[in-house]
Amino acid sequence: MTRVVVLLSGRGSNFRAIAEAGLPIEIAAVISNRPQAAGLAWARERGIPATALDHTEYADRAVFDARLADEIERHRPDLVVLAGYMRILSAAFIARFEGRLLNIHPSLLPMFPGLKTHERALAEGVKVHGCTVHFVTADLDHGPIVIQAAVPVRADDTPETLAARVLAQEHRIYPQAVRWFAEGRLAIRDGRVNLQDDSTSQSVLVPEG
Ligand code: GRF
């Protein structure tokens, strides 16, 4: 079984989607930098080890990230999943987990890295928007792409309606990416992800369905 540690800061709907997808993984722990995160409570209700590490109690990012990394490694993860973890990670942290650190971002990267992606997509008038699961590297929101899903942007969309349409796709592609990782099918070559044994060729873009 692939041992997974999940980091989150809030609602935790992507964590729930992964936990309920019947994947060949063991969620060894859920860790949140926000003690009130709904995702932590959900984990506790299901007997999944859940830990709060409040970043406001630490002197700076380097000290906090070192503590966080130690806490993660206690659970001997094969994979660390960022699921709405809303803090920038230090380069030292990323170096410790590189190659086994996944993130989901609510845009079709490399478009709209950073925050407020749905507002910015609407402001640009793009007709297609979506989400991306990628490996995390020191280059913020630019690591090797594992899978993306696209959704149409509608004329009457608000950031909220667009976010909801994208989120439904996040809940499809993140479990898929974790499954591929657990199956040992994700190889990174020249900074890009190659999906091994891809007989279905539905690997990269999953249209709304
Ligand atoms: C998602 O939109 C994800 O793409 C972004 O943060 C949000 C987390 O939502 N990184 P949830 O906590 O998984 O519900």
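All ligand and atom numbering here is 1-based and tracks the order in the structure.
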Option whose closest heavy atom lies nearest to atom 5 (C) of ligand 1, chosen from S13, P106, A83: P106
Heavy atom of the protein closest to atom 9 (O) of ligand 1 (residue, atom name, distance): R11 NH2, 3.1 Å
salt_bridge(E73, R100) N-O dist < 4.0 Å: yes
Close N or O approach (H105, ligand 1; < 3.5 Å): no
T132 side chain vs L109 backbone, donor-acceptor pair below 3.5 Å: yes
Distance flag, aromatic centroids of H129 and H118, threshold under 6.0 Å: yes
Aromatic W42 / basic R46 pairing, under 6.0 angstrom, 45° off normal: yes
R96 atom CZ: more than 12 heavy-atom contacts under 6.0 Å: yes
Nearest heavy atoms of L108 and A149, plus distance in Å: CD2-O, 3.5 Å
Atom 8 (C) of ligand 1 [closest protein heavy-atom partner, distance rounded to 0.1 Å]: G84 CA, 3.5 Å
Nearest-contact summary for atom 2 (O) of ligand 1 - protein heavy atom, Å: E170 OE2, 3.1 Å
Closest protein heavy atom to atom 10 (N) of ligand 1, given as residue, atom name and distance to 0.1 Å: I104 O, 3.1 Å
For G12, atoms of ligand 1 separated by under 4.0 Å from a heavy atom: 11 (P), 12 (O), 13 (O), 14 (O)
